[in-house]
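In what follows, every heavy atom counts, from backbone to side chain, and hydrogens, waters and symmetry copies are set aside. Since we're looking at a predicted model, the values are computed, not measured.
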Amino acid sequence: MEKYEKKKQHSIIISTNNAFNEEEGSYEIIMNTISKVVHFLDQEFSLYEYHKCRSKVSLPFYVEEKGIFTNKIIGFWPLHPSEVDKEVVSDMYIIGDKNIEGFLRDIHERKFDSITELWDYFEDNCAIMCQIYDSAHIEVHSKDIAIITKIDQLIE
């Protein structure tokens, strides 16, 4: 008998596909659309932003990524949706869930071999994961197709 693990994930990707505006001499951005999506997610879930950090000082939550010579710190802090309203977001990584603080307390003691392993853990345990790049690309991943459907209807 074959042994395997089955994961079901739903996604929506909204992107300009690096469209260049010749008239303005810059790449197209979709700040309003990204703002709508983030504000919608904020109404549904508690959202936290995360990035690699140099120090764990003053971080409300963090986990460590194991390394050969050093441990890298991945810090988490509450996301305020207005952060995506005001300026271009170069890169932002977001997780969300109804009880995200409890989830972050639980993973605090864990160490992950890589950011990919951490992302897999989020995928299995968080309601949503989101990535934003250059205010021109947003990806939302969720186990719940209803969330993806609502986002799709929101931006039509």
Side-chain angles (χ1 to χ4, degrees), residues 4-16 29-155:
Y4 56 87
E5 183 177 332
K6 184 177 176 182
K7 294 182 182 182
K8 190 170 186 177
Q9 194 75 0
H10 307 283
S11 303
I12 187 165
I13 299 171
I14 308 158
S15 177
T16 64
I29 59 173
I30 52 173
M31 286 178 60
N32 292 336
T33 301
I34 289 171
S35 178
K36 278 185 196 176
V37 171
V38 171
H39 282 272
F40 165 74
L41 292 173
D42 185 59
Q43 291 172 355
E44 299 288 319
F45 305 104
S46 295
L47 302 178
Y48 270 72
E49 181 178 357
Y50 67 96
H51 282 284
K52 288 186 179 180
C53 301
R54 295 183 188 268
S55 169
K56 49 190 163 192
V57 176
S58 77
L59 291 172
F61 299 103
Y62 65 89
V63 295
E64 295 182 53
E65 181 183 349
K66 291 185 239 175
I68 296 174
F69 299 109
T70 183
N71 283 337
K72 295 177 185 168
I73 306 297
I74 299 161
F76 300 86
W77 50 91
L79 174 70
H80 303 285
S82 60
E83 291 177 36
V84 299
D85 294 343
K86 297 176 185 155
E87 58 188 55
V88 173
V89 175
S90 60
D91 63 338
M92 183 179 283
Y93 305 93
I94 303 167
I95 57 171
D97 206 291
K98 298 283 186 196
N99 183 23
I100 195 70
E101 290 86 3
F103 169 77
L104 291 172
R105 275 191 294 278
D106 290 345
I107 67 167
H108 176 70
E109 295 301 317
R110 294 187 55 135
K111 288 191 177 188
F112 294 89
D113 289 329
S114 67
I115 193 77
T116 304
E117 183 181 331
L118 181 61
W119 182 261
D120 289 344
Y121 191 79
F122 291 159
E123 193 174 73
D124 292 340
N125 296 289
C126 289
I128 63 110
M129 291 86 48
C130 179
Q131 301 170 357
I132 301 170
Y133 301 108
D134 300 326
S135 289
H137 181 97
I138 182 169
E139 296 180 26
V140 179
H141 305 276
S142 178
K143 289 186 235 177
D144 186 356
I145 188 68
I147 296 298
I148 302 303
T149 302
K150 287 178 184 176
I151 291 170
D152 189 35
Q153 292 168 348
L154 178 72
I155 61 168

So with a 6.0 Å cut-off around CG of Asn32, is the heavy-atom count from everything else above 12?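 Not buried by this count: 12 neighbours or fewer within 6.0 Å.
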
Residue list, ring pair (Phe, Tyr, Trp, His ring centres under 6.0 Å) with Phe40, at least two apart or on another chain: none

Rounded at 0.5 Å granularity, tell me how far [atom1] in [X] sits from [atom2] in [Y].
| X | Y | atom1 | atom2 | value |
| --- | --- | --- | --- | --- |
| Ser46 | Leu104 | OG | CG | 10.0 Å |
| Ile155 | Ile34 | CD1 | CD1 | 10.5 Å |
| Ile94 | Ile128 | CD1 | CD1 | 6.5 Å |
| Ile151 | Ile138 | CD1 | CD1 | 7.0 Å |
| Ile132 | Glu139 | CD1 | CD | 10.5 Å |
| Asn125 | Glu123 | CG | CD | 10.0 Å |

Are Ile147 and Leu41 close enough, and set up right, to give a side chain to side chain contact (heavy atoms under 4.5 Å, CB included), and what steps lead you there? CA-CA 9 Å; Ile147 296 298; Leu41 292 173; 4.1 Å; yes

Look at the side chain of [X] and the backbone N and O of [Y], then say whether any donor-acceptor pair between them is shorter than 3.5 Å.
| X | Y | value |
| --- | --- | --- |
| Asp144 | Ala146 | yes |
| Ser135 | Val89 | yes |
| Lys98 | Glu44 | yes |
| Thr149 | Ile145 | yes |

Ser142 side chain to His10 side chain, donor-acceptor N/O pair below 3.5 angstrom: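 No, His10 and Ser142 have no side-chain donor paired with an acceptor closer than 3.5 Å.
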
Are His51 and Asp91 linked by a side-chain donor-acceptor pair shorter than 3.5 Å?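 There is no such pair (donor and acceptor under 3.5 Å, judged by atom type) between the side chains of His51 and Asp91.
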
Looking at Tyr50, Tyr48, Phe103, which hits ring-ring contact (aromatic ring centres under 6.0 Å, His included) with Phe76?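 In the set Tyr50, Tyr48, Phe103, the residue that makes a ring-ring contact (aromatic ring centres under 6.0 Å, His included) with Phe76 is Tyr50.
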
Between [X] and [Y], which heavy-atom pair has the shortest distance, and what is it?
| X | Y | result |
| --- | --- | --- |
| Ser11 | His141 | OG-ND1, 2.6 Å |
| Cys53 | Trp77 | SG-CZ3, 3.9 Å |
| Ile30 | Thr16 | CG2-CG2, 3.6 Å |
| Leu118 | Ile107 | CD1-CD1, 4.5 Å |
| Asp97 | Ala127 | OD2-N, 2.8 Å |
| Glu83 | Pro78 | OE2-O, 4.3 Å |

Parallel, tilted or perpendicular: which fits the ring planes of Phe122 and Trp119, with parallel below 30° and perpendicular above 60°?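 Rings of Phe122 and Trp119: perpendicular, over 60°.
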
So do the side chains of Leu47 and Ile100 get within less than 4.5 Å of each other, counting heavy atoms only? no

Glu49 and Met92: CA distance, side-chain angles, deciding distance, side chain to side chain contact (heavy atoms under 4.5 Å, CB included) verdict: CA-CA 7 Å; Glu49 181 178 357; Met92 183 179 283; 3.8 Å; yes

